[in-house]
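Everything quoted here is computed from the prediction, not taken from an experiment. In what follows, chains carry the letters A, B, and so on, assigned in the order in which the sequence lines appear, proteins first and then strands, with residues in each chain numbered from 1.
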Amino acid sequence: MHNIKEIRNDFDAFAQALKKRSIDIDFNKLKNLDIQNRELIQKKETLEKKKKDISKTKDKSLFSKSKEISQSIVMINEQQSKIKSDLDKILSNIPNLPHDDVPLGSTENENIELTKSGKIPNFEFTPKSHYELGEKLGMLDFDLATKTTGSRFVFVKNKLALLERAISNFMLDIHTSKNGYEEISPPLLASENTMFGTGQLPKFETDQFEVKLDEGSGRKFLIPTAEVILTNIVKDKILDFKTLPMRFVASTPCFRKEAGSYGKDTKGMIRQHQFYKVELVSIVEQNNCLDELERMTNCATGILDLLELPYRKVILCSGDMGFSAEKTYDIEVWLPSEKKYREISSCSSCSTFQAIRMKARYKNSNKETLFCGTLNGSGLAVGRTLIAILENFQLKDGSISIPKVLRPYMNNLEKITLN
RNA sequence: GGAGAGAUGGCUGAGCGGUUGAAAGCACCGGUCUUGAAAACCGGCAAAGGGGCAACUCUUUCCUGGGUUCGAAUCCCAGUCUCUCCGCCA
């Protein structure tokens with residue numbers, strides 16, 4: 001969320017910066033609400049002061065006057081809180097401003113490739129898709145999932161289930177032992193307020209799975225990414241700058257409705273309602289966001305290097321970035337069956353955007369209270385890593401060789417074969 | 001599911017109708033002392049919002065929302081959350 005005080009300072013600059021997002025906002029309305037809001041606050045405060053003074057005198061003859069004032073305060077207060085909530089409503093739906101580094105654009109076609117790494121495999125046969133391979137092995141069962149649950153779910157079985165677990169554990173080990181992240185096993189449900197903090201609510205409610213608990217308890221949502229729950233660790237906190245940066249890693253299932261992606265990636269397990277993801281989150285001093293973004297992105301690509309998977313790094317254009325991000329790198333892995341790169345990680349700096357929503361602050365060395373910077377990135381999406389391994393490490397007979405670094409996690413298995 | 005207890009500043013924890021924005025301790029910052037550090041002693045230290053170029057000043061905030069009152073952290077009602085005991089259970 002943006003700070004209205006800062007918007008006020010340079011209203012036109014804000015409107016201009018937001019244009020990069022190609023978002024339609026009624027700026028005049030915003031401006032007017034802010035002015036009205038402050039006028040009413042001033043009115044209210046004048047009356048409150050009067051009332052307070054009367055109370056201090058303890059003069060009985062003034063008590064009735066005080067009562068009158070109370071009534072006017074109630075009325076003004078009603079108006080003011082209405083205006084304030086309208087104002088907040090607009091503010092909470094405005095996305096983060098793109099950083100200057102971010103290229104201008106409206107769709108993914110304007111994203112810019114920065115680097116390419118790894119060697120694209122050269123097959124002597126036509127490479128199969130992950131779902132062909134998985135089904136042939138009898139280890140990916142989409143039909144069964146359709147029977148028990150519905151579309152966009154999958155049963156991962158046998159050695160592929162082991163592979164999935166190995167991927168997860170391998171990534172966690174690297175991030176905790178080499179990259180300095182603290183491992184967390186978090187709740188998979190988040191409260192409404194938590195979802196607001198990272199920006200999933202209110203604007204993207206239709207993408208979320210809501211879960212009904214007992215009557216009376218607040219609304220709960222299945223996390224669409226561990227980012228939500230990990231970032232909110234610092235919600236409502238005022239941290240000491242010495243405790244920063246904080247770095248968390250978790251491997252969790254993620255749940256997404258994928259509303260609006262009907263007909264997209266319907267085959268296979270590219271786009272599922274439920275998938276595992278190893279997520280990285282950093283809480284930093286606000287000036288360190290961009291450095292941390294580079295560091296985090298390197299942590300993600302480091303995994304692909306170790307797995308020997310070919311990938312490229314892309315910087316997202318202004319129109320393709322997520323709601324809370326100021327700058328995002330996507331890491332895309334090569335999929336031989338599609339002959340193209342597909343997203344396997346997305347690393348974003350959210351500047352102070354989420355911290356303002358969460359009220360996550362810290363005291364810097366000058367004892368000033370400032371909003372934290374927050375970052376999140378996949379390190380990596382486990383399901384898509386599984387896909388990438390299947391496709392890139394497939395052999396002519398449909399068996400899969402296991403990347404060397406994963407073998408210790410799989411009883412030194414070298415190959416997944418039909419039987 | 002049954003029975004209780006609680007929610008106060010960065011943290012711990014007093015207060016239970018009128019200078020209480022809030023005692024005390026810890027943490028933190030500054031100073032004295034010390035070769036340096038520690039200890040000891042002295043001093044400082046909440047957040048949000050409004051007004052002002054600024055010094056500064058005003059308002060709000062003791063879980064949330066209502067109510068009583070001239071006045072509420074303190075009394076009443078509702079809600080949320082947390083904890084303890086019993087039952088059930090991975």
Which atoms of nucleotides 59-66 of chain B (N or O only) lie under 3.5 Å from a protein N or O atom, and what are those distances?
unit_1 : atom_1 : unit_2  : atom_2 : d
B/U59  : O3'    : A/Glu48 : OE1    : 3.4
B/U59  : O2'    : A/Glu48 : OE1    : 2.5
B/U60  : OP2    : A/Lys52 : NZ     : 3.1

Show the distances under 3.5 angstrom between N or O atoms of the protein and N or O atoms of nucleotides 71-73 of chain B.
unit_1 : atom_1 : unit_2  : atom_2 : d
B/G71  : O4'    : A/Ser55 : OG     : 3.2

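Side-chain N/O atoms of A/Gln42 include one lying less than 4.0 angstrom from OP1 or OP2 on B/G51. An OP1 or OP2 oxygen of B/G49 is reached within less than 4.0 angstrom by no side-chain nitrogen or oxygen of A/Arg8.
A salt bridge is absent between A/Arg342 and A/Asp330: the closest approach of a Lys/Arg side-chain nitrogen to an acidic carboxylate oxygen does not fall below 4.0 angstrom.
B/A40 and B/U32 make up a base pair, with Watson-Crick or G-U wobble contacts both under 3.5 Å. Pairing of B/A46, defined by two Watson-Crick or G-U wobble distances under 3.5 Å, is identified with B/U61. Base pairing annotation: B/A72 forms no Watson-Crick or G-U wobble pair, as no partner gives both donor-acceptor distances under 3.5 Å. Nucleotide B/G4 forms a Watson-Crick or G-U wobble pair with B/C83, both donor-acceptor distances falling under 3.5 Å. Summarising the base pairing, B/A23 is matched to no nucleotide, lacking a Watson-Crick or G-U wobble pair whose two defining distances lie under 3.5 Å. A 3.5 Å limit on both hydrogen-bonding distances identifies no Watson-Crick or G-U partner for B/A14.
Taking the P atom of each, B/C63 and B/U12 are spaced 14 Å apart, rounded to whole Å. If you take atom C1' in B/A78 and the same atom in B/U68, they sit 15 Å apart, rounded to whole Å. Look at the P atom in both B/G21 and B/U59: the space between them is 11 Å, to the nearest Å. The C1' atoms of B/A73 and B/U8 are separated by 7 Å, rounded to the nearest whole Å. Distance check on atom C1': B/U74 versus B/A23 gives 15 Å, rounded to whole Å. Nucleotides B/G10 and B/G65, compared at atom C1', are 27 Å apart to the nearest Å. With both ends at atom P, the span from B/G4 to B/A72 equals 31 Å, rounded to whole Å. Rounded to the nearest Å, the gap between the C1' atom of B/G49 and that of B/A37 is 44 Å.
Remark: C1' of B/A47 and CG of A/Leu239 are 15 Å apart, rounded to the nearest angstrom. Atom CG of A/Asp88 is separated from atom C1' of B/A48 by 13 Å (rounded to the nearest Å). Atom P of nucleotide B/C70 and atom NZ of A/Lys50 are separated by 19 Å, given to the nearest angstrom. When the P atom of B/G51 is taken as reference, atom CD1 of A/Ile35 falls 11 Å away, rounded to whole Å. Rounded to an integer number of Å, the gap from CG of A/Asp236 to P of B/C11 is 11 Å. In this entry the distance linking CD1 of A/Ile73 with C1' of B/G50 reads 15 Å, nearest Å. Nucleotide B/G44 holds its C1' atom 13 Å from the NZ atom of A/Lys363, rounded to whole Å. Distance, A/Asn364 CG to B/C29 P: 13 Å, rounded to whole Å.
Counting any heavy atom pair closer than 4.0 Å across all strands shown, A/Lys5 reaches sugar-phosphate atoms only and no base atom. Within 4.0 Å of A/Thr369, counting heavy atoms only, lie sugar-phosphate atoms of the nucleic acid but no base atom. Residue contacts shown for A/Lys242 are limited to sugar-phosphate atoms, with no base heavy atom under 4.0 Å away.
The structure places NZ of A/Lys327 at 10.5 Å from CE of A/Met321, a figure rounded to the nearest 0.5 Å.
Looking at A/Lys44 and A/Gln80, their side chains do bring a donor and an acceptor atom within 3.5 Å of each other. No donor-acceptor contact under 3.5 angstrom links the side chains of A/Ser324 and A/Asn96, judged on distance only.
Taking every side-chain heavy atom of A/Arg361 into account, B/A47 is the closest of B/A47, B/G51, B/C81.
By the 6.0 Å contact criterion, NZ on A/Lys257 is enclosed, its count of non-hydrogen atoms from other residues, nucleotides or ligands being greater than 12. At most 12 heavy atoms of other shown residues, nucleotides or ligands fall within 6.0 angstrom of atom OH in A/Tyr276. Within 6.0 Å of atom NZ in A/Lys235, more than 12 heavy atoms from other residues, nucleotides or ligands are found, so the atom counts as buried in its surroundings. No more than 12 heavy-atom neighbours from other residues, nucleotides or ligands sit within 6.0 angstrom of NZ on A/Lys89.
The aromatic rings of A/Phe255 and A/Phe209 lie perpendicular to each other, with more than 60° between the two planes, well past the 30° mark.
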**Audit row: A/Ser348, A/Thr328, side chain to side chain donor-acceptor pair (under 3.5 Å) steps and yes/no** = CA-CA 4 Å; A/Ser348 300; A/Thr328 298; 2.8 Å; yes

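Of the two residues contacting RNA chain B, namely A/Asp240 and A/Ile54, the nearest-nucleotide position lying further toward the 5' end is that of A/Asp240.
In this structure, A/Lys363 fails the cation-pi test against A/Phe241, since its NZ or CZ atom is not both closer than 6.0 Å to the six-membered ring centre and inside 45 degrees of the ring normal.
Residues A/Asn376 and A/Leu230 are not in side-chain contact: their nearest non-hydrogen atoms beyond the backbone lie 4.5 Å or more apart.
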